[in-house]
Amino acid sequence: MSVVRVEELARHVGETVTLRGWLYNRRSSGKLHFLEVRDGSGIVQCVVFKGNVTPETFTAANHITQESSVEVVGSVKEHGKIKGQHELDVKEVRVLAATTQEYPIGPKEHGTDFLMDNRHLWLRSRRQHAIVRVRHAIIKAVRDFFDGRDFTLVDAPIFTPNACEGTSNLFQTDYHGDPAYLTQSGQLYMEAGAAAFGSVYCFGPTFRAEKSKTRRHLAEFWMVEPEVAFLDLEGDMKLAEDFLSCVVGRALETRREELKVLERDTSMLEKVIPPFPRITYAEAIDLLQKNGHPEAKVGDDFGGDEETVISSRFDRPVIVHRYPMGLKAFYFKRDPGDDRLALNMDVLAPEGYGEIIGGGQREDDLGKLEAAIDHHKLPRPAFEWYLDVRRYGSFPHAGFGLGIERTVAWVCGLPHVRETIPFPRMLNRLAP
RNA sequence: UCCGGCUUAGCUCAGUCGGUAGAGCAGGCGGCUGUUAACCGCCGGGUCGCUGGUUCGAGUCCAGCAGCCGGAGCCA
């Protein structure tokens with residue numbers, strides 16, 4: 001008799017199998033007990049009929065507490081009421097370990113703060129399970145995409161010696177007596193990597209110490225950052241749309257069931273295929289002025305509100321390119337056609353999910369990059385290694401960064417990024 | 001940091017005009033052969049966030065503080 005996983009049950013109809021898992025919920029109807037058992041791969045209804053088991057087993061089955069670990073033996077059959085689903089006709093139920101106290105998360109509603117306090121247990125519930133599985137599929141698709149295009153994985157360090165880009169607040173740590181900061185981006189290291197390997201990417205956690213309390217922010221989030229030698233902005237945008245389409249397509253392909261649990265309307269996701277609409281920053285400002293933001297003017301950055309207005313004009317992700325240099329980090333290359341503009345691009349997700357990709361072409365001229373560092377009042381010595389990338393055979397190159405949690409929130413249709421990462425780190429949450 | 005809201009049973013919430021605390025779920029007992037957050041009956045369960053004030057009397061009104069949620073700024 002084989003031990004099978006819930007997600008494999010369809011291949012074992014008519015067989016007697018063993019399941020090991022935890023009691024998710026229990027209902028009863030006199031001579032029938034319905035035990036919902038989950039094993040990590042899914043949830044299955046196990047039917048205990050009084051006539052099929054010993055009186056002791058029947059009574060005991062009705063007293064198994066929620067989330068006790070159990071072993072169930074039974075035969076697999078079609079669900080009595082729901083077509084396409086399967087259930088287990090129980091022959092034996094054994095409690096492996098009963099809960100020692102009442103499980104805190106009941107089948108009724110709970111508040112977010114309470115659930116986050118119990119995040120280690122909340123992950124067991126149906127929706128959270130679905131979200132983490134979608135996240136996994138997205139991350140796997142990210143790696144498969146770059147691996148399939150012969151990118152080399154070049155991991156960037158987490159500890160960095162300087163508060164580099166000078167834009168956001170970083171977490172400071174004590175590094176054997178010297179200050180060190182948790183990375184906010186692996187990009188500068190990827191530029192060095194591109195000169196060594198051609199096409200590279202890094203994928204890891206990044207940190208921002210900003211006191212942001214919004215549905216789009218985490219203190220610790222995961223970012224994938226490709227960087228490609230001899231690529232211009234045009235190629236970068238092409239790479240971004242191919243990449244995002246591939247990732248979303250994979251989630252749709254491999255995580256249908258999970259998206260159904262999340263009640264995600266996938267029609268908007270089906271449309272994520274290249275090419276994406278592209279507009280310039282100037283066109284975006286114009287669009288804002290004509291759609292409820294008459295105060296918008298060149299030089300403004302977009303808030304969440306503005307991003308929603310722009311993205312809602314399109315039925316798929318939209319690329320906004322060529323922002324004013326003043327709004328962007330020092331390392332962007334200037335547009336040869338208008339040196340007030342940066343050769344950068346942001347990808348805004350539809351349905352109000354905002355910026356999920358930011359990137360562009362990097363400055364490859366040594367003198368201009370030195371000037372930009374001075375202009376931003378950044379400490380030159382910290383950037384000598386970065387300038388070396390230009391001193392020793394400079395080359396045009398471009399790349400971008402994609403925020404995993406915002407992408408997962410968008411694909412899953414969640415209102416907040418906090419549920420897209422197993423253990424979120426936020427302004428007021430460091431535990432569990 | 002700023003603006004707004006919330007805080008009552010283990011959990012989710014109701015609580016009228018200021019008059020002495022309620023429901024559902026969870027837990028226990030019983031009932032029902034097809035339940036889907038099952039349902040029905042019975043039982044136990046309270047520092048009304050904290051501190052102070054007004055009042056004969058405060059869960060309720062006022063002030064301060066704390067925690068949480070949402071938004072802004074900043075960003076992915």
Side-chain angles (χ1 to χ4, degrees), chain A residues 24-36 43-52 58-59 62-63 65-67 77-82 85 87 89 99 101-118 121-122 125-127 165-170 183-187 205-225 240 300-308 327-329 346-349 353-359 400-410 415-418 420-421 426-429:
Chain A
Y24 190 69
N25 196 7
R26 169 167 50 79
R27 292 177 289 274
S28 174
S29 180
K31 297 198 172 76
L32 284 171
H33 299 318
F34 299 93
L35 308 179
E36 278 195 296
I43 299 175
V44 67
Q45 171 166 284
C46 301
V47 184
V48 188
F49 175 50
K50 196 169 187 176
N52 288 351
F58 186 74
T59 306
N62 201 30
H63 289 84
T65 50
Q66 193 190 352
E67 289 300 328
K77 61 172 201 176
E78 291 282 331
H79 193 287
K81 277 192 166 174
I82 304 168
Q85 279 196 22
E87 62 181 18
D89 225 350
T99 51
Q101 52 196 294
E102 185 190 323
Y103 188 68
I105 303 175
K108 287 276 179 180
E109 291 168 11
H110 298 283
T112 313
D113 194 46
F114 171 79
L115 289 167
M116 275 300 175
D117 283 341
N118 291 284
L121 302 176
W122 191 20
S125 67
R126 207 188 299 262
R127 277 181 63 85
E165 296 175 34
T167 46
S168 36
N169 297 316
L170 304 188
T183 184
Q184 58 163 325
S185 164
Q187 185 211 310
T206 50
F207 308 86
R208 302 283 165 90
E210 242 103 38
K211 298 204 185 299
S212 297
K213 275 176 71 174
T214 81
R215 63 178 72 222
R216 297 185 305 278
H217 288 88
L218 293 169
E220 176 181 311
F221 66 98
W222 286 65
M223 188 154 65
V224 57
E225 295 173 281
D300 294 348
D301 209 347
F302 305 132
D305 219 32
E306 286 83 2
E307 287 179 351
T308 302
L327 294 178
K328 290 290 153 185
D346 284 352
V347 178
L348 307 183
Y353 284 93
E355 183 186 347
I356 52 172
I357 284 180
F400 60 82
L402 170 116
I404 290 294
E405 286 74 19
R406 285 188 184 177
T407 305
V408 175
W410 167 46
H416 201 300
V417 292
R418 67 189 158 205
T420 64
I421 184 166
M426 299 178 290
L427 185 54
N428 292 315
R429 181 166 295 281

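Naming: A, B, ... by sequence-line order, numbering from 1 per chain.
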Candidates U36(B), G10(B), C75(B) - which lies nearest the side chain of D301(A): C75(B)
Nearest-Å distance for atom pair CG/P, residues L218(A) and C74(B): 19 Å
Selected nucleotide, minimal atom distance to I82(A) side chain, candidates U36(B), A26(B), U33(B): U36(B)
Nearest-neighbour nucleotide for the E87(A) side chain, A76(B), G34(B), A37(B) considered: G34(B)
Could you list all N or O pairs between the protein and nucleotides 68-71 of chain B that sit under 3.5 Å apart?
| from | atom 1 | to | atom 2 | distance (Å) |
| --- | --- | --- | --- | --- |
| G70(B) | OP1 | H416(A) | NE2 | 3.2 |
| G70(B) | OP1 | R418(A) | NH1 | 2.8 |
| G70(B) | OP1 | R418(A) | NH2 | 3.1 |
| G70(B) | O3' | R215(A) | NH2 | 3.4 |
| G71(B) | OP1 | R215(A) | NE | 2.1 |
| G71(B) | OP1 | R215(A) | NH2 | 2.8 |
| G71(B) | OP2 | R215(A) | N | 3.2 |

Residue R26(A), side-chain atoms from C-beta onward, closest of G27(B), U33(B), G34(B): G27(B)
Out of G10(B), A76(B), C29(B), whichever nucleotide has its closest atom nearest the side chain of E102(A): G10(B)
Atom-pair distance (CZ on F58(A); C1' on G31(B)), nearest Å: 12 Å
Nearest-Å distance for atom pair CG/C1', residues D300(A) and G73(B): 13 Å
Length of the CG-P vector between D346(A) and C75(B), whole Å: 11 Å
Sugar-phosphate only, base, or nothing, as touched by T206(A) at under 4.0 Å among non-hydrogen atoms: nothing
Presence of donor-acceptor pair under 3.5 Å, side chain of H217(A) and base of C75(B): yes
Per-pair stack call Y103(A) and A26(B), 5.5 Å, 30°: no
Value in whole Å for how far the C1' atom of G67(B) lies from CG of L427(A): 13 Å
Minimum-distance nucleotide (side-chain atoms of H110(A) versus U12(B), A76(B), A26(B)): U12(B)
Interatomic distance where CD belongs to Q187(A) and C1' belongs to A76(B) [whole Å]: 13 Å
Presence of donor-acceptor pair under 3.5 Å, side chain of Q66(A) and base of G27(B): no
Nucleotide A72(B), atom P - distance to CD of E307(A) in whole Å: 10 Å
